[in-house]
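A short worksheet on the structure shown next.
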Amino acid sequence: MSRRIVPLTFLAALLLSGGLLAVRVMADGLVPDVRGEWDGFFQMADSEDQVGRMSTVINLQDHRRIRGDARLLDLDEQGVFNSINFEATVAGREAVVGVGVTRTGQVVFQANLETFRGDRGDAGVLEPEFLFVPVRGHASRVGAVLLRPFPALNPTDIAGSGAGTFQSALTPGLGGNVELEISGLDRGRFPGTLVIMTGTGLNRSFELLATTSDDGRYVMIGQDPAVRLVADGVTFPRNEATGVDALYRISRNDGRIVDYGAINFNVETIGEPIP
């Protein structure tokens with residue numbers, strides 16, 4: 001994916017000066033429909049221990065202009081760290097930039113956008129970087145990864161315990177095992193955990209959300225205290241289990257990619273098929 005370079009320092013200066021946000025956008029294709037519920041995770045740039053959940057609703061879209069709100073919660077979804085009312089521009093097919101009002105001040109953000117085609121509609125992944133500018137105190141950066149699920153009627157059930165392997169394409173000698181625990185479907189998403197084990201003791205444990213389409217497409221996001229993960233692949237029956245073959249990438253919370261490759265695992269599903 002190409003990245004739009006819109007420095008947050010520039011956006012912050014524009015916000016603080018009271019100027020209007022004007023961004024040149026692409027005109028060579030349809031504008032992605034980004035309306036819907038986007039859920040995922042955030043991580044404070046200055047505190048690797050500060051990981052939480054983020055819930056976003058984009059409820060209005062007029063061509064490239066969108067409007068919505070977001071809440072930043074703790075992992076148990078009990079305490080609210082902050083809330084945002086925002087307006088933004090879909091800048092081409094792969095980027096969103098915007099401004100908003102928070103409980104304590106203002107915010108500017110830019111986000112990479114990916115869409116994944118399913119037979120009944122697209123899933124999506126947003127990776128925003130926020131700059132919160134409070135009325136008092138210091139500005140703070142927050143990275144996030146958000147998932148909008150497939151609009152499926154009969155999504156592939158992947159709830160259960162999973163195990164498999166991963167292999168880096170960036171570093172050919174890097175590989176190992178993966179373990180997953182995936183809960184039942186909740187508003188189109190399968191929540192769970194993913195552990196990546198390299199064999200060197202440098203394991204990573206991710207909070208994850210995944211979605212599947214009626215035709216077996218699979219998209220997953222994950223967040224640990226230092227990096228985030230996005231994976232895209234397919235599901236299919238394999239050895240009396242549900243198999244998943246996908247390509248993944250792992251990036252730091254500022255968007256810099258640190259690894260990418262293939263992940264393959266089987267899930268021993270639990271419960272009855274999703275109606």
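- Among all heavy-atom pairs drawn from Arg238 and Asp245, the shortest one is NH1-OD1, 3.1 Å.
- Side-chain atoms of Asn82 come within 3.5 Å of backbone N or O of Arg103 as a donor-acceptor pair.
- Residue Arg117 comes nearest to Arg217 through the heavy atom pair O-NH1, 2.9 Å, listed as atom of the first residue, atom of the second, then distance.
- Contacts of Tyr260 classified as ring-ring contact (aromatic ring centres under 6.0 Å, His included), with partners at least two apart in sequence or in another chain: none.
- Glu127 has its side chain within reach of Ser251: a pair of non-hydrogen atoms, C-beta onward, lies under 4.5 Å apart.
- Placement of Val145 and Phe116 within a single hydrophobic cluster is found when ILVMFWY residues are connected by side-chain heavy-atom separations under 4.5 Å, directly or transitively.
- Annotation for Pro155 and Leu185: closest pair CG-CD2, 3.9 Å, computed over non-hydrogen atoms.
- The residues Glu114 and Arg249 are annotated as salt-bridged, a charged nitrogen and a carboxylate oxygen being separated by less than 4.0 angstrom.
- Remark: the Glu181 side chain and the Ser161 side chain contain an N/O donor-acceptor pair separated by less than 3.5 Å.
- Pairing each heavy atom of Leu113 with each of Trp38, the nearest pair is CD1-CH2, 4.0 Å.
- In this structure, Asn239 contributes its side chain and Ala241 its backbone to no donor-acceptor pair below 3.5 Å.
- In this structure, Asp157 and Thr242 have side chains that are not in contact, with every pair of non-hydrogen atoms separated by 4.5 Å or more.
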(request) Any chance you could lay out the side-chain contact (heavy atoms from CB on, under 4.5 Å) test for Val96 and Phe109, step after step, and finish with the verdict? (result) CA-CA 8 Å; Val96 177; Phe109 67 91; 4.1 Å; yes

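- With contacts defined as side-chain heavy-atom distances shorter than 4.5 Å, the pair Gln43/Arg228 does not qualify.
- For the pair Thr156 and Tyr218, the minimum side-chain heavy-atom distance is 4.5 Å or more.
- Under the 4.5 Å side-chain heavy-atom criterion for grouping Ile, Leu, Val, Met, Phe, Trp and Tyr, Ile263 is connected to Val258 within one hydrophobic cluster.
- Counting only residues at least two apart or in different chains, side-chain hydrogen bond (donor to acceptor under 3.5 Å, both in side chains) contacts with residues 168-177 comprise Ser168-Asp259.
- No continuous path of hydrophobic side-chain contacts links Val234 to Met220 [ILVMFWY only; heavy atoms under 4.5 Å].
- Distance CZ/Arg148 to CD1/Ile221: 13.0 Å, rounded to 0.5 Å.
- Side chain of Asn154 to main chain of Asp214: no donor-acceptor pair is present (N/O by atom type, distance under 3.5 Å, no hydrogens or angles).
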(request) Check the pair Val267 / Thr235 against side-chain contact (heavy atoms from CB on, under 4.5 Å), numbers first and verdict last. (result) CA-CA 10 Å; Val267 177; Thr235 66; over 6 Å; no

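- No donor-acceptor pair closer than 3.5 Å links the side chain of Gln110 to the backbone N or O of Val97.
- Annotation: side chain of Gln61 is in contact with side chain of Val34 (closest heavy-atom distance under 4.5 Å).
- The existence of a salt bridge linking Arg67 and Asp62 is excluded, since no basic side-chain nitrogen approaches an acidic carboxylate oxygen closer than 4.0 Å.
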Review item, side-chain donor-acceptor pairs of residues 188-199, under 3.5 Å, at least two apart:
from, atom 1, to, atom 2, distance (Å)
Arg189, NE, Asp39, OD2, 3.3
Arg189, NH1, Arg187, O, 2.5
Arg189, NH2, Glu37, O, 2.7
Thr198, OG1, Thr200, N, 3.3
Thr198, OG1, Thr200, OG1, 2.7

